[in-house]
2 protein chains.
Amino acid sequence: MEYLEAKNKFISTWGSLGSLWGINKAMAQIQALLFISTKPLSMEEIMEDLKISRGNTSMNLRQLMDWGIVTKTLVAGERKEFFTTEKDVQELARIVAVERSRREIKPVVKVLEEVSTIKDDGTAKTKELIKQTKALHELTETMDIMINKLVNQKQNWITKSLLKLFK
Amino acid sequence: MEYLEAKNKFISTWGSLGSLWGINKAMAQIQALLFISTKPLSMEEIMEDLKISRGNTSMNLRQLMDWGIVTKTLVAGERKEFFTTEKDVQELARIVAVERSRREIKPVVKVLEEVSTIKDDGTAKTKELIKQTKALHELTETMDIMINKLVNQKQNWITKSLLKLFK
DNA sequence: TTAAACTTTCAATAATTATTGAAAGTTTAT
DNA sequence: ATAAACTTTCAATAATTATTGAAAGTTTAA
């Protein structure tokens with residue numbers, strides 16, 4: 001496999017995997033491109049490489065910056081803006097995990113909490129609703145705590161966690 | 001909050017959370033409905049309750065069965081089919097984790113493996129591609145191993161894992 | 001074996017989500 | 001102050017994904 005084939009394969013696979021880490025295709029592809037680039041890239045270069053429009057590139061870069069995955073860098077003597085992504089995979093994974101927890105898990109935990117504390121009117125269906133949402137609330141909260149705990153170990157968190165789990 | 005409001009809130013929240021566990025809205029809503037039901041439900045009841053078509057219900061029930069989350073149950077003296085979902089949240093989480101690993105993570109690990117083993121032609125960009133995809137390959141594989149390890153503890157896996165991590 | 005009761009399939013359509021491109025906005029150099 | 005270089009915004013459009021509903025298929029009871 002040649003460089004170009006490998007590069008395209010990587011970008012498209014990573015792009016379609018977007019759903020797994022909760023971002024859209026273009027966002028994931030831009031990040032993938034920056035991830036294997038040897039230097040900061042301009043909007044121009046990104047749009048040309050991925051064959052996407054200027055508007056699309058601009059919007060998705062902005063979202064990547066909102067996630068804290070991509071940053072603007074100044075290149076000496078250049079007017080336009082250049083972009084780089086976090087290059088350390090573990091740090092990348094940390095950021096994604098924390099963001100998803102904040103954006104998606106925490107709001108759900110809140111709703112489950114609300115629903116699971118409605119007044120028990122004594123009917124079987126209310127009892128079941130309370131019981132099941134309570135269980136789900138506990139599970140979701142535990143998982144969220146787990147993720148945040150894992151991820152706050154900073155240095156080498158994945159390896160450390162794996163070791164602990166294997167014991 | 002009354003039963004009906006709580007029920008609807010639960011179903012719609014769980015539905016929109018579908019993306020987090022990688023299934024579509026109708027699928028998640030059907031599962032949610034079954035999850036808080038005190039008895040097995042027929043297709044008829046599901047379509048009426050969620051206001052979705054027969055075809056949609058049929059297809060999504062099938063998918064839920066493919067995932068191993070929902071099962072057909074026979075109800076004595078009834079001709080039509082009835083459905084139930086796994087009621088234990090921990091078992092539910094296990095099934096979802098294992099399925100996502102199989103369906104999404106493993107194929108990506110394979111591509112990363114392929115890409116990261118291309119021939120090093122000595123150029124900087126090839127070196128960077130190899131280095132970064134190798135790191136991603138390792139990370140993804142480690143996480144996949146972690147998930148499968150966690151999840152195979154069967155009984156009370158979440159609590160057990162949490163304890164280990166806190167030590 | 002037939003017909004009623006039920007489920008599945010799938011082409012058509014609707015709903016949602018992503019993308020474009022050009023106009024408006026901003027920054028910088030002179 | 002102005003114009004060139006660049007970025008952002010957003011209404012229009014395209015692409016994707018979900019949903020419908022009716023026809024075809026299956027099962028069961030008599």
Side-chain angles (χ1 to χ4, degrees), chain A residues 11-34 40-67 70-85 103-104, chain B residues 11-34 40-67 70-85 103-104:
Chain A
I11 290 174
S12 78
T13 305
W14 206 242
S16 66
L17 191 69
S19 74
L20 190 59
W21 50 301
I23 68 173
N24 76 30
K25 203 182 77 184
M27 234 176 117
Q29 293 194 158
I30 293 172
Q31 199 277 328
L33 180 63
L34 292 172
L41 298 178
S42 67
M43 240 175 66
E44 208 68 26
E45 293 170 297
I46 296 169
M47 13 178 321
E48 270 167 29
D49 202 313
L50 300 178
K51 279 143 188 58
I52 58 180
S53 70
R54 188 174 299 283
N56 201 4
T57 309
S58 170
M59 282 173 128
N60 285 106
L61 276 171
R62 141 97 83 139
Q63 282 203 76
L64 284 164
M65 288 187 283
D66 287 348
W67 272 72
V70 161
T71 44
K72 282 188 187 165
T73 21
L74 294 177
V75 170
E78 286 275 10
R79 169 92 170 257
K80 52 171 160 291
E81 294 170 330
F82 286 78
F83 301 89
T84 45
T85 189
R103 291 167 193 242
E104 296 175 82
Chain B
I11 290 174
S12 78
T13 305
W14 206 240
S16 65
L17 192 68
S19 74
L20 191 58
W21 49 301
I23 68 174
N24 76 30
K25 203 182 79 186
M27 236 176 117
Q29 293 193 159
I30 293 172
Q31 199 277 328
L33 181 63
L34 292 171
L41 299 179
S42 66
M43 240 175 65
E44 208 68 26
E45 293 170 296
I46 295 169
M47 12 178 324
E48 270 168 28
D49 202 313
L50 300 177
K51 278 140 188 62
I52 58 179
S53 71
R54 187 174 299 283
N56 200 3
T57 309
S58 170
M59 283 175 128
N60 284 106
L61 275 172
R62 140 97 82 139
Q63 283 204 73
L64 284 164
M65 288 187 283
D66 288 348
W67 272 72
V70 162
T71 44
K72 281 187 187 166
T73 19
L74 293 178
V75 170
E78 285 275 10
R79 171 91 169 260
K80 52 172 161 291
E81 294 170 329
F82 285 78
F83 301 89
T84 44
T85 189
R103 291 167 193 241
E104 297 175 81

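Everything numeric here is computed off the predicted structure, so don't read it as measured data. Within every chain, numbering begins at 1; the chains are lettered A, B, ... in the order of the sequence lines, protein sequences first and strands thereafter.
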d(CD, B:Glu81; P, D:dT27) in whole Å: 10 Å
Touch class at under 4.0 angstrom, heavy-atom based, for A:Glu44 against every strand present: nothing
Rounded distance (Å) that lies between atom P of D:dA18 and atom CZ of B:Arg62: 17 Å
Min side-chain heavy-atom separation A:Ile30-A:Ile52 under 4.5 Å: yes
Smallest separation among heavy atoms of A:Ala28 and A:Gly15, with atom names: CB-CA, 3.7 Å
DNA chain D: stems of at least 3 consecutive Watson-Crick or G-U pairs whose donor-acceptor distances fall under 3.5 Å: C:1-30 with D:1-30
Euclidean distance, atom CG of residue B:Leu50 to atom P of D:dA18 [Å, nearest integer]: 16 Å
Student check: side-chain heavy atoms of A:Met43 and A:Lys80 closer than 4.5 Å: no
Between D:dC6 (P) and A:Met47 (CE): distance, integer Å: 13 Å
Distance, rounded to the nearest Å, where B:Phe82 contributes CZ and C:dT7 contributes P: 9 Å
Under 4.0 Å protein heavy-atom contact, by nucleotide of nucleotides 19-30 of chain C - B base, S sugar-phosphate only: SBB-----BB--
Length of the line joining B:Leu61:CG and D:dA18:C1', which is rounded to integer Å: 16 Å
Closest heavy-atom pair and its distance - B:Trp67, B:Arg103: NE1-NH1, 3.3 Å
Considering all heavy atoms, the nearest B:Thr85-B:Gln31 contact: OG1-NE2, 3.1 Å
Rounded interatomic separation in angstrom, taking NZ from B:Lys80 and C1' from C:dT8: 17 Å
Distance in angstrom units between A:Ile46 CD1 and D:dT8 P, rounded: 11 Å
B:Arg54 versus B:Glu44, closest heavy-atom pair with distance: NH2-OE1, 3.1 Å
Any donor-acceptor N/O pair, B:Glu45 side chain to B:Ser42 backbone, under 3.5 Å: yes
